[in-house]
Amino acid sequence: MQVNDIHPLRPDPAEFIRIQERLAKQIDVSRPLRREDLRTVAGVDLAYGGEGESETGFCHVAVFDAATMQVVERAEAIGKIEVPYVPGFLTFRELPLIAAAAEKLETVPDLFLFDGNGILHPRRMGIAAHASFFLGKPAVGVAKTYFKIAETEYEEPEREKGSCTDIKVGGETLGRAVRTSAGVKPVFVSPGNGINLDSSTELVLSLTGPESRLPVPVREADISTRRMRRNWEEEQRLSP
DNA sequence: GCGACAG
DNA sequence: ATCTTGTCGC
């Protein structure tokens, strides 16, 4: 698929906030997007290996047919990680490999699901929001742990599946704590761009099976990412 | 100095 | 994210 060619990820910390603030003005979280509108949905995730100077990232994009929930295509990218993880700037660490993997896709997914936040971010530019601009497609963020912004705590949803509580920061509802399975810890859903919060929540619930608290596409990418690392470590061992 | 901190 | 064994529970 075609990925926007503007390269926003020069590892220049002084530019990070400026880039986020510029893109944040273009976010659109007003569009409803139903599952019936989707032919394909992609899950994206990364795993890490190596250490220090040789830290390596393994990115996997798993594309599912939204109707049959069968994998229709996969794309991967492996590369050296140049940027350290700093809360609030996850995008700059992971997007280079995500873009590299996405470019290899033949299919253009109708929606991307990310492991991380969308607009539930200090500057509304979590990885799902940021990546959406480069992919040119709607994206939703699904985080496994809560990222507190502006001193805002989240309210625990009821124990039953499907329960959720809005996360409101300064009068603006940025995301939702969503119980994707009874009794398990909630996930934190926020639209990235090109989709609204209600649709994001409905899709995450609809795409989550009983085997995990995460949507199937994200879970698949997560598992695949560790398989990539195992295979890579094995071939490193055989031919140093 | 101390605690907090998506992945 | 990653480092790591067993263990409690359905």
Side-chain angles (χ1 to χ4, degrees), chain A residues 9 11 13 16-17 19-20 23-24 27 43-61 77-99 101 112-132 139-154 159-161 167 169 174-178 180-193 197 200 204 209-215 217-219 221-230 232-233 236:
Chain A
L9 308 174
F16 288 178
I17 289 182
I19 291 169
Q20 292 181 330
L23 287 175
I27 291 176
V44 183
D45 196 23
L46 273 81
Y48 297 90
E51 48 187 69
E53 297 301 282
S54 62
E55 181 172 34
T56 303
F58 304 84
C59 176
H60 188 101
V61 180
I78 297 178
K80 185 180 176 198
I81 296 297
E82 310 279 3
V83 181
Y85 168 66
V86 177
F89 302 95
L90 176 65
T91 302
F92 300 95
R93 176 173 166 82
E94 304 196 330
L95 189 50
L97 281 183
I98 291 171
F112 282 86
L113 296 180
F114 286 87
D115 193 332
N117 294 309
I119 61 172
L120 182 57
H121 178 281
R123 288 167 293 283
R124 312 294 183 265
M125 283 299 289
I127 191 164
H130 204 140
S132 174
V140 172
V142 184
K144 296 184 294 300
T145 61
Y146 183 57
F147 188 22
K148 189 200 298 180
I149 57 180
E151 303 296 292
T152 303
E153 300 292 350
Y154 77 91
R159 189 180 185 289
E160 76 208 78
K161 172 173 180 164
I167 297 170
V169 180
L174 300 183
R176 236 167 233 166
V178 180
T180 52
S181 279
V184 306
K185 292 195 306 176
V187 294
F188 304 88
V189 177
S190 58
N193 180 42
L197 178 58
S200 296
V204 166
E211 62 291 316
S212 168
R213 53 195 272 257
L214 295 173
V218 176
R219 176 59 175 155
D222 178 65
I223 292 172
S224 302
T225 228
R226 282 183 287 234
R227 177 173 47 66
M228 289 173 69
R229 183 176 56 195
R230 281 199 308 277
W232 183 82
E233 290 173 335
Q236 287 290 298

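Naming convention: chains lettered A, B, ... in sequence-line order (proteins, then strands); numbering from 1 in each chain.
Across the protein-nucleic acid pair, L95(A) atom CG and dG7(B) atom C1' stand 14 Å apart, rounded to whole Å. If you take CG of L113(A) and C1' of dA6(B), they are 16 Å apart, rounded to a whole angstrom. Atom CG in N117(A) sits roughly 5 Å away from atom C1' in dA6(B) (whole-Å rounding). Rounded to whole Å, atom P of dA6(B) lies 15 Å from atom CG of L214(A). At whole-Å resolution of the value, NE2 in H121(A) and P in dC5(B) are 14 Å apart. When rounded to the nearest whole Å, the span between OH of Y85(A) and P of dA4(B) equals 15 Å. Atom CZ of F16(A) and atom P of dA6(B) are 17 Å apart (whole Å). Here the P atom of nucleotide dC5(B) and the CD atom of E151(A) are 10 Å apart, to the nearest Å.
Within the nucleic acid shown, F89(A) comes within 4.0 Å of at least one base atom, counting heavy atoms only. If you check every strand for non-hydrogen atoms under 4.0 Å, Y146(A) touches sugar and phosphate atoms only.
With hydrogens and angles disregarded, a donor-acceptor distance shorter than 3.5 Å links the side chain of T225(A) to the backbone of F58(A). Using modelled atom types, one side-chain atom of R213(A) and one backbone atom of K185(A) make a donor-acceptor pair closer than 3.5 Å. A donor-acceptor distance shorter than 3.5 angstrom exists from the side chain of H121(A) to the backbone of G88(A), with no hydrogens or angles considered. Remark: the backbone N or O of A143(A) is not paired with any side-chain donor or acceptor of T145(A) at under 3.5 angstrom.
Exactly one of R93(A), K80(A), R229(A) qualifies for a salt bridge (Lys or Arg N to Asp or Glu O under 4.0 Å) with E55(A). That residue is R93(A).
Within a 6.0 Å sphere centred on CD of E53(A), other residues, nucleotides and ligands contribute 12 heavy atoms or fewer.
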Identify all pairs in which a protein N or O lies below 3.5 Å from an N or O of nucleotides 1-3 of chain C, and state each distance.
residue : atom : partner : partner atom : Å
dA1(C)  : OP2  : K144(A) : NZ           : 2.7
dT2(C)  : OP1  : Y48(A)  : N            : 3.4
dT2(C)  : OP1  : R229(A) : NH1          : 2.5

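Classification of the F92(A)-F16(A) ring pair by plane angle, with boundaries at 30° and 60°, yields parallel.
When the side-chain nitrogen and oxygen atoms of T145(A) are compared with OP1 and OP2 of dC5(B), none of them lie within a distance under 4.0 Å.
Of the C1' atoms belonging to dT2(C) and dC5(B), the separation is 16 Å, rounded to the nearest Å.
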